[in-house]
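Shown next, in structure tokens, is the structure this report addresses.
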2 protein chains.
Amino acid sequence: MIRYILLGFLKYKPMTGYELKQTIDHSTAHFWHAHHSQIYTTLRQMEAQGLVTSQMVFEEGQPNKRIYQISEAGRKALDEWLAQPLLEMSTIKEELLVRLFFSAQRDPLQVLAELAFQRQLHQQKLAQYQALTEIQHVEENAPALQRDAAFWRATLEMGIRYETTYLGWLEDTMRMIETL
Amino acid sequence: MIRYILLGFLKYKPMTGYELKQTIDHSTAHFWHAHHSQIYTTLRQMEAQGLVTSQMVFEEGQPNKRIYQISEAGRKALDEWLAQPLLEMSTIKEELLVRLFFSAQRDPLQVLAELAFQRQLHQQKLAQYQALTEIQHVEENAPALQRDAAFWRATLEMGIRYETTYLGWLEDTMRMIETL
DNA sequence: CATGCCATGTAAGGGGTTACATGATTTT
DNA sequence: AAAATCATGTAACCCCTTACATGGCATG
């Protein structure tokens with residue numbers, strides 16, 4: 001999966017593993033993230049498979065970089081993957097819900113504290129999303145990427161709605177526990 | 001993670017791997033699922049670690065079963081896990097959003113078809129959730145599990161809200177693509 | 001002087017998926 | 001006669017996480 005994200009970004013321009021990590025963190029991370037270790041190893045693999053090429057860049061006073069570029073085979077692999085529609089729903093793994101499911105015998109105050117902490121995390125996430133200006137910047141300054149930006153915005157919109165729903169549910173669930 | 005789900009269910013009553021699989025499919029599957037292969041191997045591991053015990057049951061005209069029971073160590077492990085509050089947000093892995101993020105250059109009709117298919121899947125999921133009567137059954141017939149049922153219902157409620165949000169977003173995103 | 005950022009990697013392990021494998025009974 | 005349900009397991013693999021490891025430059 002992460003391969004296609006890397007290919008997707010490399011289609012826009014050549015980048016280093018480090019830059020790809022930054023890019024992912026600022027865009028797809030809320031629906032698919034990756035650690036730098038995975039990114040570096042996957043890029044190596046992909047190079048061995050001919051999906052990308054790389055070249056080292058040595059600059060004085062700066063750390064060495066390895067810049068990756070998508071190959072024809074890489075473009076083809078990405079296009080083929082996109083052409084094959086997704087036929088299942090992605091499965092969710094929400095640890096908090098697992099914990100809540102089995103929390104009937106726990107001290108309600110501890111459960112409430114845990115939910116309150118999660119509320120904080122989700123509030124931060126939501127605020128983060130609403131503060132993102134990268135897409136708007138592209139929309140205003142890169143007319144060639146208008147169409148792309150619309151799709152990016154759609155995924156961001158899902159992130160915002162998800163966090164909003166989550167927060168509402170946390171509130172209601174806390175109220176439910178309080179009145180038990 | 002799956003270990004705690006298994007322990008959580010075994011706390012209610014002894015069960016076979018098969019029954020645990022069924023139980024998970026009808027309750028926690030929308031926020032944490034597992035294949036039977038994982039369940040069987042994890043139960044074996046857990047038995048080796050003393051978290052559960054098992055005994056074979058041979059009955060005429062019926063397949064052999066291995067019934068698992070939670071041990072004292074198992075109860076302790078579960079309680080300790082629940083006592084340790086979750087300090088991070090679960091990370092999401094939504095393949096559809098990855099695909100959409102990189103779909104600007106795809107044929108809009110194909111993207112729309114893919115989203116329409118996902119809408120169908122999510123409608124089915126939502127209908128499934130709304131048709132679940134197990135919790136209500138417990139609420140009406142097992143007064144000792146009232147409290148437990150309230151927590152189960154909360155997780156189901158999240159599933160319903162999630163699917164509702166997802167469907168609304170799919171509709172809006174499809175409309176956005178149509179008007180591009 | 002310490003923290004943070006830039007930049008890249010390796011290694012071990014775990015968790016989870018997919019596929020292989022079997023076989024009896026019940027339902028359509 | 002075929003498909004579904006009950007019932008349990010093994011094996012290979014892959015993806016991902018966590019930890020280990022290094023080192024220079026810039027900023028406070």
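- Aromatic rings of F102(B) and F9(A) (six-membered ring for Trp) have centroids within the 6.0 Å cut-off, being under it.
- Whole-Å rounding puts the F58(A) CZ to dA7(C) P distance at 14 Å.
- Aromatic ring centroids of H30(A) and Y129(A) lie under 6.0 Å apart.
- Closest contact between the side chain of R66(B) and the listed nucleotides dG9(D), dT18(D), dC16(D) involves dG9(D).
- Side-chain nitrogen and oxygen atoms of H35(A) include at least one within less than 4.0 Å of the OP1 or OP2 phosphate oxygen of dT17(D).
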ask   = Can you give one letter per nucleotide of nucleotides 23-28 of chain C, 5' to 3': B if a protein heavy atom sits under 4.0 Å from the base, S if only from the sugar-phosphate, - if neither?
value = --S---

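- Between the K13(B) side chain and the Q69(B) main chain, no donor and acceptor come within less than 3.5 Å of each other.
- As rounded to whole Å, 13 Å separates atom P of dG9(C) from atom NZ of K65(A).
- Judged purely by distance below 3.5 Å, without hydrogens or angles, the side chains of S54(B) and R66(B) pair a donor atom with an acceptor atom.
- A salt bridge links K76(B) with E80(B): at least one charged nitrogen is closer than 4.0 Å to a carboxylate oxygen.
- If you find the closest nucleotide of DNA chain D to Q38(A) and to H36(B), the one lying nearer the 5' end belongs to H36(B).
- Place T91(B) and M56(B) on DNA chain D by their nearest nucleotides, and M56(B) ends up nearer the 5' end.
- Heavy-atom distances under 4.0 Å link DNA chain C to T16(A), G17(A), Y18(A) of residues 14-34 of chain A, given in residue order.
- In this structure, the CD1 atom of I39(B) is 15 Å from the P atom of dG15(C), given to the nearest Å.
- Checked against the 6.0 Å centroid threshold, F31(B) and W152(B) do not count as a close aromatic pair.
- Following rounding to the nearest Å, I92(A) (CD1) and dG16(C) (C1') show an atom-to-atom distance of 17 Å.
- In this entry the distance linking CD of Q55(A) with C1' of dT8(C) reads 17 Å, nearest Å.
- Side-chain N/O atoms of T41(A) and base N/O atoms of dT10(C) include no donor-acceptor pair closer than 3.5 Å.
- In the model, D148(A) has a side-chain atom that pairs as donor or acceptor with a side-chain atom of Q105(B) under 3.5 Å.
- Here the side chain of Y40(B) is nearest to one of dT8(D), dA7(C), dG16(C), namely dT8(D).
- Between the CD atom of Q45(A) and the P atom of dC15(D) there is a distance of 7 Å, given to the nearest Å.
- Residues E95(A) and S90(B) have side chains that never bring a donor and an acceptor to within less than 3.5 angstrom of each other.
- Taking atom CZ on R44(B) and atom C1' on dG14(C), their separation rounds to 20 Å, with Å as the unit.
- Grouping the Ile, Leu, Val, Met, Phe, Trp and Tyr side chains by contacts below 4.5 angstrom, directly or via other members, places W32(A) apart from Y40(A).
- Across dG9(C), dG9(D), dT18(D), the shortest atom-to-atom separation from the side chain of Y68(B) is found for dG9(D).
- Connectivity analysis of hydrophobic side chains (ILVMFWY, heavy atoms under 4.5 Å, direct or indirect) links I67(A) to V57(A).
- Taking atom CG of L43(B) as the reference point, atom C1' of dT10(D) lies 15 Å away to the nearest angstrom.
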